[in-house]
Structures are given as structure tokens and as C-alpha cells.
Amino acid sequence: MAETATRRSVLAGRQGGSWAVRLTPAASATRVALRAPQASLSALSSALGVTIPNAPKTSGRASGRSVLWIGPDEWLVIDENGGDLMGALAGAGVLHSATDVSHRNVGIIVSGPGAELALASGCPQDLSLAAFPVGACSRTIFGKAEIVILRTEDDTFRVECWRSFADFVFGLLADGAEDAAH
């Protein structure tokens with residue numbers, strides 16, 4: 001019988017936070033870095049089953065699949081159900097570039113009444129609900145690491161970072177969570 005290797009998340013088993021902020025490693029997900037011209041968006045949206053947003057700081061979401069606007073022709077697609085994103089995009093029949101980054105990225109869920117404050121401890125972006133409503137997303141920095149933030153609920157964010165920075169980002173978020181509790 002052949003043995004199969006299971007990739008373990010760099011944050012497996014980590015928990016953190018305070019009474020005001022809970023930090024939880026996000027469940028495993030499939031992720032694709034997508035680049036495409038405007039003319040391809042309709043067909044790619046159909047292939048993914050999610051409308052691809054075409055405005056800064058916006059996202060689309062359906063059935064556990066999110067498409068986050070990263071730049072004028074760039075998106076991060078996240079499938080929390082582990083769906084075959086590359087297969088879906090391959091069948092679109094339009095010009096695009098798709099790269100599977102599932103093992104490059106790690107997700108961290110930051111939730112609770114102090115979530116904004118914890119993120120503000122290392123991020124220069126205004127994450128207030130008025131400036132960054134539910135569904136807003138952005139590529140930004142946290143400390144010295146590049147991250148992508150998605151606000152999923154009033155008091156919950158999904159933070160995506162490269163796995164090589166995950167321990168640093170989680171630790172800095174834990175410090176921010178402690179500060180948010182005071």
C-alpha cells in the first residue's frame with residue numbers, strides 16, 4: 001500500500017488572541033492568482049460561478065468561493081471547499097493567466113470586537129467599517145509582510161499571506177490582539 005503525504009499548514013494548531021480578538025488559522029483552501037483582460041471577465045465569471053469584480057477594494061462571493069480584486073487586471077480566487085479552480089478556468093475558452101498558489105498562501109481569520117484594532121497595529125490602511133465595508137478587500141502590508149485582507153463580516157477579516165511570512169504575521173497579530181484588549 002502506497003503512503004500519501006499530507007501537507008500540514010505552517011500554522012496548524014496555532015491559536016491566539018485576547019478577549020477582544022480571536023486568531024484562527026483558516027481551513028485549507030484552493031487559491032489561484034488570476035490575470036485577465038476586461039473582455040474575458042464574463043466567461044471567467046461563468047466558469048467560476050462567481051462574478052469577478054472590476055472595481056478597487058471589491059470582491060465577489062458564492063458557495064464558498066471568493067474572487068478578490070487585487071489590481072486592474074488581477075484577482076486572487078479562493079475556494080474554501082477545495083474546488084478545482086484550475087480545471088474550471090481551463091474550460092473558460094478566453095484569454096487569461098491562472099497560477100495555482102494554494103501552497104504559497106496561508107489564511108488567518110481575525111475576528112471579534114477588536115479585530116480592526118489588531119489589524120491596525122501593523123497595517124496603515126483605514127479598516128473602519130465606513131471605509132472598508134463587508135466584502136472589501138485589499139493588498140497591503142502588515143508589519144513588513146505583504147498581505148491581502150478581506151472583510152467577511154462586520155467584525156471578521158480573512159488575512160492571506162505567503163506561508164514563509166505566516167509565523168511573523170500571526171505573531172504580530174497576536175501582539176495587536178493583546179493591545180486591542182486594553
Side-chain angles (χ1 to χ4, degrees), residues 4-14 23-37 40-41 43-92 94-111 115 119 122-123 125 127 132 134-153 156-170 172-173:
T4 59
T6 302
R7 183 177 296 267
R8 183 183 161 139
S9 171
V10 68
L11 296 176
R14 294 281 300 265
L23 304 176
T24 310
S28 180
T30 305
R31 298 171 183 86
V32 167
L34 177 65
R35 306 287 306 253
S40 298
L41 297 186
L44 292 170
S45 293
S46 292
L48 290 171
V50 180
T51 300
I52 296 175
N54 200 22
K57 289 178 47 178
T58 59
S59 66
R61 183 165 173 81
S63 303
R65 189 171 282 178
S66 300
V67 182
L68 288 59
W69 187 94
I70 302 297
D73 66 349
E74 183 179 2
W75 299 266
L76 176 62
V77 184
I78 303 170
D79 189 312
E80 297 173 38
N81 299 320
D84 182 11
L85 294 173
M86 295 298 284
L89 291 165
V94 294
L95 180 64
H96 70 281
S97 168
T99 304
D100 188 323
V101 295
S102 300
H103 298 299
R104 179 192 76 186
N105 283 27
V106 171
I108 302 168
I109 306 302
V110 183
S111 61
L119 283 163
C123 178
Q125 189 160 350
L127 298 173
F132 204 84
V134 173
C137 63
S138 178
R139 177 169 41 202
T140 185
I141 58 168
F142 188 73
K144 295 181 180 182
E146 180 182 299
I147 64 169
V148 173
I149 300 176
L150 169 65
R151 184 176 223 136
T152 58
E153 297 176 37
T156 304
F157 297 84
R158 181 185 185 100
V159 175
E160 289 279 321
C161 67
W162 286 21
R163 70 183 300 108
S164 57
F165 294 111
D167 194 51
F168 168 78
V169 170
F170 196 92
L172 204 54
L173 280 167

### Donor-acceptor contact present, side-chain D167 to main-chain V10, <3.5 Å
no
### Query
Which value, rounded to the nearest 0.5 Å, describes the distance between F157 atom CZ and C123 atom SG?
9.5 Å
### Query
Are any non-hydrogen side-chain atoms of L76 and R139 less than 4.5 angstrom apart?
no
### Any side-chain heavy-atom pair of I109 and T156 under 4.5 Å
yes
### Message
Assess the residue pair L172 and F142 against the criterion (side-chain contact (heavy atoms from CB on, under 4.5 Å)); give the C-alpha distance rounded to whole Å, side-chain angles, the decisive distance to 0.1 Å, and a yes or no.
### Response
CA-CA 8 Å; L172 204 54; F142 188 73; 3.5 Å; yes
### Message
Run the side-chain contact (heavy atoms from CB on, under 4.5 Å) test on N105 and W162 for me, step by step, so that the C-alpha distance in whole Å, both residues' side-chain angles and the decisive distance to 0.1 Å come before the verdict.
### Response
CA-CA 4 Å; N105 283 27; W162 286 21; 3.8 Å; yes
### Query
Rounded to the nearest 0.5 Å, how far does CD1 of I147 lie from CG of L173?
7.5 Å
## Note on the structure
Between S138 and the options R151, Q125, K57, the side chain to side chain donor-acceptor pair (under 3.5 Å) test singles out Q125
### Query
Do V67 and P53 come close enough that some side-chain heavy atom pair is under 4.5 Å?
yes
### From I52 atom CD1 to L68 atom CG, the distance as rounded to the nearest 0.5 Å
11.5 Å
### Query
After noting the C-alpha distance and the side-chain angles of R158 and I78, does the key distance pass the side-chain contact (heavy atoms from CB on, under 4.5 Å) rule?
CA-CA 11 Å; R158 181 185 185 100; I78 303 170; 3.9 Å; yes
### Message
Please check this pair: side chain of S59 against backbone of G135, looking for a donor-acceptor N/O pair closer than 3.5 Å.
### Response
yes
#### Entry: Contact summary for N54 and P72, nearest pair of heavy atoms
OD1-O, 4.2 Å
#### Entry: Side-chain heavy atoms of L95 within contact of P37, under 4.5 Å
yes
### Task
Among L89, T99, V101, find the one that has a side-chain contact (heavy atoms from CB on, under 4.5 Å) with V32.
L89
### Residues that D100 engages under salt bridge (charged side-chain N to carboxylate O under 4.0 Å, His left out), provided they are two or more places apart
none
#### Entry: Separation between CD1 of I149 and CG of L119, rounded to the nearest 0.5 Å
5.0 Å
### Message
Using 0.5 Å steps for rounding, measure from the OG1 atom of T140 to the CG atom of L127.
### Response
7.5 Å
### Query
So, for R61 and E80, which heavy atoms are closest and what is the spacing to 0.1 Å?
NH1-OE2, 3.0 Å
### Message
To check you understand the geometry: which heavy-atom pair defines the closest contact between F170 and P25, and what is its length?
### Response
CE1-CD, 4.4 Å
### Message
Please evaluate residues L48 and L85 with respect to the criterion side-chain contact (heavy atoms from CB on, under 4.5 Å), reporting the C-alpha separation (whole Å), side-chain torsions for both, the decisive distance (0.1 Å), and the verdict.
### Response
CA-CA 7 Å; L48 290 171; L85 294 173; 3.9 Å; yes
### Message
Do W75 and L44 make a side-chain contact, defined as non-hydrogen atoms from C-beta onward lying under 4.5 Å apart?
### Response
no
### Task
May I ask you to decide if R31's main-chain N or O and S102's side chain share a donor-acceptor pair within less than 3.5 Å?
yes
### Distance in Å, F168 CZ paired with K144 NZ, rounded so as to fall on 0.5 Å steps
7.0 Å
### Partner residues of D73 under the salt bridge (charged side-chain N to carboxylate O under 4.0 Å, His left out) criterion, sequence neighbours left out
R35
